Amino acid sequence: MNETESLLKLIASRGSIEFDHEREGAWIEVIRKMDEVYSDLLRYEVDLEHKNAELEEAQAFVTNVIESVSDILVVCDAIGLVQQVNSAFQNTLSRSIEDIVGRNIADIIDAANGAKLVQLLKPRGASDVVDGELRFATDGGSSDLFAINSSPRHDHRGRFIGVVLTGRPIGELRRAYEALHKAHHELQRVQRQLVEQEKMASLGRLVAGVAHELNNPISFVYGNIHTLMRYRTALAAYFDAIHGKGKAGDLAALKKSLRIDEILEDFGPLIEGTMEGAVRISEIVKNLRRLSFSRIGEVERVNIERLINTAVLWAVRTKQVRVDVRMEIEPELWVSGNEGQLHQVIVNLVENAIDAMRATELPRLVVSAARKGNEILFRISDNGPGIDMDNIGRIFEPFFTTKRVGEGTGLGLWISYGIVREHGGELSAANDPQGGATFSFALPAA
Ligand SMILES: Nc1ncnc2c1ncn2[C@@H]1O[C@H](COP(=O)(O)OP(=O)(O)OP(=O)(O)O)[C@@H](O)[C@H]1O
Ligand SMILES: [Mg+2]
């Protein structure tokens, strides 16, 4: 029996109300029901309090998260009135929350950004997020530039009720990006300039090689022509005597004194020699045209044997040192590419090898090219000291050189690496176990 029941019993016992047994039963039933309702109410209240506490906790959590977010957050209604902001936004504007909430967002952005704001506030479908960039009005004038995302809000009936703007400052990023962009352009310009310079340098080496090559045949063509001119004087004098002009006398004696017979004998070899010189000069000129005038990007079928032979010859000639050169080149190998550029690669590698073998007693260079499947494998080996293990990771970097100032730019391998890569291969370097270095690359066979 609970409190209400005993209270009723008490009233009844005082005689104010008469209870018979039946009525008493009905009353007790009513009281029991009231009791149940009461305890339900109590339970609901406890539940409610519990739920309320949970809700408060959840709200505190959300607020805490929003406040901790370093991005700015602004909630606006459908006409742009600010409903809520986080501290990151207050800090950006250096204003109190009372000074922001309730105002139109148009009044707190930088005046020049009006058109962008219209885009960010426009009503739209649920998943339609709009990006933009804004500056806000601050006490000091204008804030840093912010990258803004605007997400629309809708009520439970799907009506547009405003937007949530989130954003982060990008001024610093933008400045860094612009600086990077500028630096990148500058780097590209310098790189182009360097490639040009290296081209000029290799052109210079080529010209030196050509001069050296041409010197020999030209000097004997020149010498032969000199002799022919002397012979011409003697022959003219002799013919004058035959035809009765000039001084008469014993023709036989004159013929002897003018050495006519020797002259006639010498004529054949002289003309042959001159002819050979001329042929050699024209060969050199032909080679030159093939090597240095092929335009960048011009692709042709390149014969490997001829390519390597000419390149190695140029490089060895230019360096003017005695090197035991061994060629191990399979015949009839072809690649498609730019002959002038590939020539430059071989020249660079051979020149490096020769430089490396400067102090080697019996310098030996082995250049090989062989077919392996669908590729042609090129190898250039020397018996120099090999590449210093500390440097092996850096030799392909631009400007990396161990040569003295003026002796190397450190661009040879960098440029060669680029050319080989453009031709579909990869230039690599290794030291041989028995000493010396080997540079190798493979190109697709044509
Ligand atoms: N065959 C080799 N043996 C040992 N070291 C080498 C060999 N080839 C290259 N190197 C090293 O790699 C460095 C870079 O070579 P790279 O051809 O790029 O420049 P460089 O020869 O120094 O100058 P440049 O080619 O512009 O005249 C060289 O300075 C040298 O130290
Ligand atoms: Mg070099």
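Both ligands and their constituent atoms are indexed starting at 1 by order of listing. All residue numbers refer to positions in the sequence shown, counting from 1. Since the structure is predicted, the reported quantities are computational estimates derived from the model, not experimental observations. What's counted below: heavy atoms across the whole structure, side chains too, no hydrogens, waters or symmetry copies.
Taking 2.8 Å as the threshold, Asn348 does not count as a candidate ligand of the Mg ion (ligand 2), since none of its N, O or S atoms lies below it.
Remark: ligand 1 and Asp382 share an N or O pair separated by less than 3.5 Å (distance only, no angle test). For a threshold of 3.5 Å applied to N or O pairs, the pair formed by Asn352 and ligand 1 contains at least one separation below that value.
The aromatic rings of His181 and His185 sit perpendicular, their planes meeting at an angle over 60°, well past the 30° parallel limit. Between Phe441 and Phe378, the angle of the ring planes stays under 30°, which puts this pair in the parallel group of the 30/60° scheme. Between Phe439 and Phe396, the two ring planes are perpendicular [angle over 60°; tilted spans 30° to 60°].
Which parts of ligand 1 touch Ile395 is read off a 4.0 Å heavy-atom cut-off, strictly below it: atoms 11 (C), 12 (O), 14 (C), 18 (O). Within ligand 1, the atoms closer than 4.0 Å to a non-hydrogen atom of Thr401 are 20 (P), 22 (O), 29 (O), numbered from 1 in the order shown. Residue Ala437 has at least one heavy-atom neighbour below 4.0 Å for each of these atoms of ligand 1: 1 (N), 3 (N).
Residue Gly386 places a heavy atom under 4.0 Å from ligand 1. Contact between Ile387 and ligand 1 is present, with at least one heavy atom of the residue lying under 4.0 Å from the ligand. Using a 4.0 angstrom heavy-atom cutoff, Phe396 does not count as in contact with ligand 1.
Neither the backbone nor the side chain of Asn348 has a heavy atom within less than 4.0 Å of ligand 1.
A salt bridge between Arg394 and Asp390 is absent, with no side-chain N of the basic residue lying under 4.0 Å from a carboxylate O of the acidic one.
Residues Ser143 and Thr92 share a closest heavy-atom pair of CB-CG2, 4.2 Å.
Among Gly412, Ala429, Ala356, Ala353, the residue whose heavy atom sits closest to atom 25 (O) of ligand 1 is Gly412.
Residues Thr438 and Asp432 bring a donor and an acceptor atom of their side chains to less than 3.5 Å of each other. Residues Ser142 and Asp110 have side chains that bring a donor and an acceptor to within less than 3.5 angstrom of each other.
Within a 6.0 Å sphere centred on OH of Tyr222, heavy atoms belonging to other residues, nucleotides or ligands number 12 at most.
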